[in-house]
Enquirer: 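Can you read through this structure? Questions will come right after.
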Amino acid sequence: MTPSSHRVYDVAIIGAGVLGCALAVTLARQGRQVLLIERNLNEPDRIVGELLQPGGVAALSQLDLDSCLEGIDAIPVTGYRIFHRDDVITFLYPPIPSRDAKLAKQNGLKRPEGRSFHHGRFIMKLREAAQREQHIEILQTTAKELLWSENPKRVVGVRCRSHAEEEPATYHAQLTIIADGQASNFRSKLIDRPPTTNSRFWGLELIDADLGSYSLALGVIGYGGPVLMYQIGERETRILIDIPDSTYRTCSINGGIESYIQTKVIPTLPDTIRPAAEKALATGRLRSMPNYWLPPSENRHLGVALLGDAMNMRHPLTGGGMTVALNDVVILSQLLSPQQVPSLASTAAVLRQMRKFHWKRKSTNASLNILAQALYCLFVADDPSLKVLQRGFMKYIKHGGTYVEEPSGLMGGVYHSPFLLCYHFFSIAIYSLWVLLREECASSLWKLPVAVIQCFLVFGRAVRLIGPYIFTDCVLALFVCVWAVLHHNIPARTDGYWRMVRRKLRWACLAVCAPELLTLFAVMQWHGARLSVTQMRELGDEDWSIVHGFYANAGGFILVTPGFPPFPINATSIVYLRKTGRINPLTITRDDIWDRSKADLFAKGFAIVQTCWVLIQCIARAAQGLAVTPIELFTVAFLVPTIATSFFWANKPQNVEEPSVIVVNWRISELLISEGESAKEPYVDTPLDFIEKPVWQGWNRRRRLLHFGGLERRPLVRIPNDYSPPPPTGKEALFVWVISVVHAAVHIAGWDFEFPTYAELLLWRISTVILLGVMVIGGAVPVISTREWFDFTFNLLWIWVREARKPTWFRRHLFNFIVDITYIVYILARLIIFVQIFISFRSLPASAYDDVSWTAFLPHV
């Protein structure tokens, strides 16, 4: 059937490559009328797109297109053989999981197989399959521009021109799919992110090369850019040589690329391959293709979808491009089926399905995308840290079993698990550290300190490899900071493991969501501990230190009296009992308390290193004009209150599990009777509440929170983590106010962030300004409340409440209303910022994926 410009097709697909042909056939079999547009229908001749991983073969089988692999002289590929200097390792694709029906269907093989072939032959087979479908019309012409309609703005077709002298023809379609490859003419019209490249593959076709194995792809690493070899026919072998752009510029001056390959690359190849390589270099056709990196983007335009290499590219080292494309077709065949979308004219329904596609494809393709970039960075090994990881990788794979099969399964698309990828990647990183320590210390233990420093550098480099590195770095920094800064009070003996875990999670969430509140608690507890030192030394207890004060206020001392349940006593109560002679001087020393503490010095040190690294990296990115992302800015803002919190909790014991017990022979009733009127009122927390009443000056815990967070029993069995005697002084409140304002002001630095839409940018600006305003206004109230003239009902963090001395309506409600409103607005602004941070990952600026060029800061380098 001849294509017509007078009809409206269901789908117009621009590009009859792997994805375009496979998707056209799939949609046509579902009854869609498809127009397939291709600029040149002759057999293409490319140096990539010749290795189809087992996951791609399985996807092709699922689409019932596996016959396209027949009659093209395709070679089975069962795994890889990697040459790393003097080491050689072989790993095969893992056995097919019995639960994976898609792979098990593949000819009943115990181990999956990929296929390597001439790219053009495979494409022609796919086009023949498309020609056989009655619902597909194939048109050889050049797509020039998209046709847009207004109200609503959507793509309604494409304008094409076959020859320069002809009039352009228009073809209308309910859905236009752009799959015109890595050099797409339409990408810039639909997304703002351009692809980036740092290297090129230079390809030769070897004749009768002896690879040593008929069904293994070969890789050579450790000498610069990686080299990949695999058979594409009975006699033909493709060799792909990765040459970074910086190396290419250098060798262009020093004899050309052929000279570089002859002198630098061919000597590193296995002996059996060198003759064929030298002959191909001398007589063959040397061609190159850029190795692009383009993160996937969500389709947001009505009536059009960007797919394939036009939308998402990764380094072709792992041969995952066609596998990703065919997996995408499988997903789209389900999401765009007539059962899901009866009519593609419903552009809103199609757009919803494309949004689902953007996230659903991550489950199958995220590991392939990440692995391609990570392995390339690992194999190119351009710094000492990467060389350590490279050696560790080789030794790790040599262990065999799951150490080799699961990584090869990820590379082959047999396994689709980013978590499995992260597990093995960091296992390799940690194993590499062990290899490094063993190598460095083999000759002398004096090298151990240097080796430890190297381990930090290697691990930091490994973290940045497992992209997207921005998210990982910042989340890691947040995690280690939260882990290191939290100093919980001592749990009750009846607290189970999971109760303590839930409590820690609650406080970890508070530390991330409202770090300045954690600073307030730390400042108040620090003040209480210092005050106890002054009071105890007035009583002659010169050994009492700030560590004792923190320990006491964290519930470190349990009072046991006859006929009454044991309960914790804080520093104020200890001062009172010492002053009245009811307890003897405490014998526990500062060192004894620190022995009970399980402060993780490694975690704190790592937190400092990681924190400084993120801060320095953000400054360097800004200095070099690279994009700083919302999560990076949030992490920098988070550091301000976290550093303050760490300072004030520096002397607080961490993770103490067992308190000290003080046993006395007098009864609580005797104590209360001896105190007379001051101890007559019922207690709220412990029988010694009357001791703290003058200190707190009218402050009381909000009644509805008396039983919150496991404080059900009376007397208390532990001191809650928000216990902060006494209330902050003016200086302390002022300090916390300044920290809070600075923390909020850092977010304003993202005023000109690149968000996908102006509405999102406006929302970011509004929420950050509101956050700053709340910190300025709401944070000033605690400062004012410390003044003598302040006589208003006021609540601190909705936990502690102080009533006005003159209970008029105005005094009871004015500041309470101001504080409550600021708290509510604060929470809303925080939520908006969090949402903005996480949705920003769907479309980051292109420069967000660029590394800082550290050598640019060094003179004469």
Side-chain angles (χ1 to χ4, degrees), residues 1-39 41 126-127 129-131 133-162 166-181 184-187 189-191 298-308 310-311 325 328-329 331-355 357:
M1 186 183 296
T2 304
S4 172
S5 60
H6 301 292
R7 62 182 299 189
V8 178
Y9 296 89
D10 291 322
V11 183
I13 300 177
I14 302 174
V18 175
L19 184 139
C21 289
L23 185 58
V25 171
T26 301
L27 295 177
R29 290 173 179 175
Q30 294 177 347
R32 310 288 193 188
Q33 296 296 323
V34 181
L35 176 64
L36 182 58
I37 300 171
E38 171 58 40
R39 181 178 59 85
L41 288 174
L126 288 172
R127 291 175 182 174
Q131 287 174 337
E133 296 296 326
Q134 62 176 352
H135 294 300
I136 297 179
E137 298 174 17
I138 302 178
L139 178 63
Q140 179 169 300
T141 185
T142 302
K144 290 294 185 179
E145 60 178 315
L146 299 175
L147 301 178
W148 293 85
S149 70
E150 301 295 335
N151 299 321
K153 187 174 183 180
R154 54 162 295 188
V155 173
V156 294
V158 60
R159 181 173 287 113
C160 303
R161 176 178 288 176
S162 299
E166 292 183 358
E167 288 294 322
T170 59
Y171 299 91
H172 293 81
Q174 295 170 349
L175 174 63
T176 301
I177 291 176
I178 298 171
D180 56 345
S184 173
N185 294 319
F186 300 97
R187 180 191 296 121
K189 306 292 191 304
L190 300 175
I191 61 175
E298 183 179 343
N299 285 283
R300 297 195 188 89
H301 299 278
L302 294 174
V304 64
L306 194 66
L307 298 174
M311 180 267 291
D328 283 350
V329 174
I331 297 171
L332 282 171
S333 68
Q334 300 164 357
L335 293 177
L336 296 181
S337 67
Q339 292 76 22
Q340 296 290 332
V341 186
S343 173
L344 297 179
S346 176
T347 53
V350 171
L351 190 60
R352 283 195 298 270
Q353 295 303 93
M354 294 308 298
R355 286 172 178 163
F357 165 74

Enquirer: Distance from Asn299 atom CG to Met311 atom CE, nearest 0.5 Å?
Expert: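 Those atoms lie 6.5 Å apart.
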Enquirer: Which pairs count as salt bridge (charged side-chain N to carboxylate O under 4.0 Å, His left out) when at least one residue sits in residues 14-36, sequence neighbours excluded?
Expert: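 Sorted result for residues 14-36: Arg29-Glu133.
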Enquirer: Report the residues that fulfil salt bridge (Lys or Arg N to Asp or Glu O under 4.0 Å) with Arg39, sequence neighbours left out, ordered by chain and then residue number.
Expert: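 Partners of Arg39 under the salt bridge (Lys or Arg N to Asp or Glu O under 4.0 Å) test: none.
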Enquirer: Can any side-chain N or O of His301 pair as donor or acceptor with the backbone N or O of Val155 at less than 3.5 Å?
Expert: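 Not confirmed, His301 side chain does not pair with Val155 backbone.
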Enquirer: Would you say the side-chain atoms of Asp180 pair up with the backbone N or O of Asn185, donor to acceptor, closer than 3.5 Å?
Expert: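 Yes, the answer is positive, given that a donor and an acceptor are paired below the 3.5 Å cut-off.
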Enquirer: For Ser333, check side chain to side chain donor-acceptor pair (under 3.5 Å) against everything at least two apart and list the hits.
Expert: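 Ser333: no side chain to side chain donor-acceptor pair (under 3.5 Å) contacts found.
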Enquirer: Applying side-chain contact (heavy atoms from CB on, under 4.5 Å) to Leu336 and Val11, what does each step give before you reach the verdict?
Expert: CA-CA 11 Å; Leu336 296 181; Val11 183; over 6 Å; no
Enquirer: With sequence neighbours left out, write down each residue that passes side chain to side chain donor-acceptor pair (under 3.5 Å) with His135, or none if nothing qualifies.
Expert: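 Per chain and number, His135 pairs via side chain to side chain donor-acceptor pair (under 3.5 Å) with Gln33.
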Enquirer: To the nearest 0.5 Å, what is the distance between NZ on Lys189 and CG on Leu146?
Expert: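 The CG atom of Leu146 is 8.0 Å from NZ of Lys189, to the nearest 0.5 Å.
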Enquirer: Which value, rounded to the nearest 0.5 Å, describes the distance between Ile37 atom CD1 and Ile138 atom CD1?
Expert: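 CD1 of Ile138 is found 11.5 Å from CD1 of Ile37.
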Enquirer: Does the pair Val158 and Ile14 meet the rule for a side-chain contact (heavy atoms from CB on, under 4.5 Å), with working shown?
Expert: CA-CA 9 Å; Val158 60; Ile14 302 174; 3.8 Å; yes
Enquirer: Could you go through residues 339-354 and list every donor-acceptor pair under 3.5 Å that involves a side-chain atom there, pairing it with any protein atom two or more places apart or in another chain?
Expert:
residue : atom : partner : partner atom : Å
Gln339  : OE1  : Ser337  : OG           : 3.3
Ser343  : OG   : Ala345  : N            : 3.2
Gln353  : OE1  : Lys356  : NZ           : 3.3
Gln353  : NE2  : Leu335  : O            : 2.8

Enquirer: Run the side-chain contact (heavy atoms from CB on, under 4.5 Å) check on Glu137 and Leu35 step by step: do they pass?
Expert: CA-CA 5 Å; Glu137 298 174 17; Leu35 176 64; 4.2 Å; yes
Enquirer: Quick one: SG on Cys21 to CD1 on Ile13, what's the gap to the nearest 0.5 Å?
Expert: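 Result: 8.5 Å between the selected atoms.
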Enquirer: Any pair with a residue in residues 141-157 that passes salt bridge (charged side-chain N to carboxylate O under 4.0 Å, His left out), sequence neighbours left out, goes on the list, sorted by first then second residue, please.
Expert: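 Only Glu145-Arg159 qualify under salt bridge (charged side-chain N to carboxylate O under 4.0 Å, His left out).
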Enquirer: Can you tell me which residue pairs pass the salt bridge (charged side-chain N to carboxylate O under 4.0 Å, His left out) test with a partner in residues 331-347, sequence neighbours excluded?
Expert: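 Found none.
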Enquirer: Please list, chain by chain and in numerical order, all residues satisfying side chain to side chain contact (heavy atoms under 4.5 Å, CB included) with Ala179, sequence neighbours excluded.
Expert: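 Side chain to side chain contact (heavy atoms under 4.5 Å, CB included) check on Ala179 returns Leu19.
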Enquirer: Run the side chain to side chain contact (heavy atoms under 4.5 Å, CB included) test against Ala173 and tell me which residues pass, sequence neighbours left out.
Expert: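 With neighbours one apart ignored, the set is Tyr9, Ala12, Thr176.
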Enquirer: Do you know the tightest heavy-atom contact between Leu147 and Tyr171?
Expert: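 Nearest heavy atoms, Leu147 then Tyr171: CD1-O, 4.2 Å.
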Enquirer: So how far is it from Arg161 CZ to Thr170 OG1, rounded to the nearest 0.5 Å?
Expert: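 That separation rounds to 12.5 Å.
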Enquirer: Closest approach of Ile178 and Ala310, non-hydrogen atoms and distance?
Expert: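 Smallest heavy-atom distance, with atoms named: O-CB, 4.2 Å.
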Enquirer: Going from CG on Leu36 to CD1 on Ile177, what distance comes out if it is rounded to the nearest 0.5 angstrom?
Expert: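 If we round to the nearest 0.5 Å, Leu36:CG and Ile177:CD1 are 10.5 Å apart.
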Enquirer: Do the side chains of Phe186 and Val304 get nearer than 4.5 Å, heavy atoms only?
Expert: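 Sidechains of Phe186 and Val304: no contact.
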Enquirer: Identify the heavy atoms of Thr141 and Ser162 that sit nearest to each other, and give their distance.
Expert: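 Smallest heavy-atom distance, with atoms named: OG1-OG, 3.1 Å.
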Enquirer: Keeping to residues at least two apart or across chains, list the side-chain hydrogen bond (donor to acceptor under 3.5 Å, both in side chains) pairs with something in residues 11-20.
Expert: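 side-chain hydrogen bond (donor to acceptor under 3.5 Å, both in side chains) check on residues 11-20 returns no pairs.
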Enquirer: Got a sec, which residues hit side chain to side chain donor-acceptor pair (under 3.5 Å) with Asp328, two or more places apart in sequence or on another chain?
Expert: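 Testing Asp328 for side chain to side chain donor-acceptor pair (under 3.5 Å), a comparison that skips the adjacent residues, returns Arg361, Asn365.
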Enquirer: Find out whether Leu306 and Ile191 are in side-chain contact, i.e. whether some heavy atom of one side chain is under 4.5 Å from a heavy atom of the other.
Expert: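 Yes, side chains in contact.
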Enquirer: Please name the pair of heavy atoms, one in Leu175 and one in Ala305, separated by the smallest distance, quoted to 0.1 Å.
Expert: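 So the minimum-distance heavy-atom pair works out to CD1-N, 4.4 Å.
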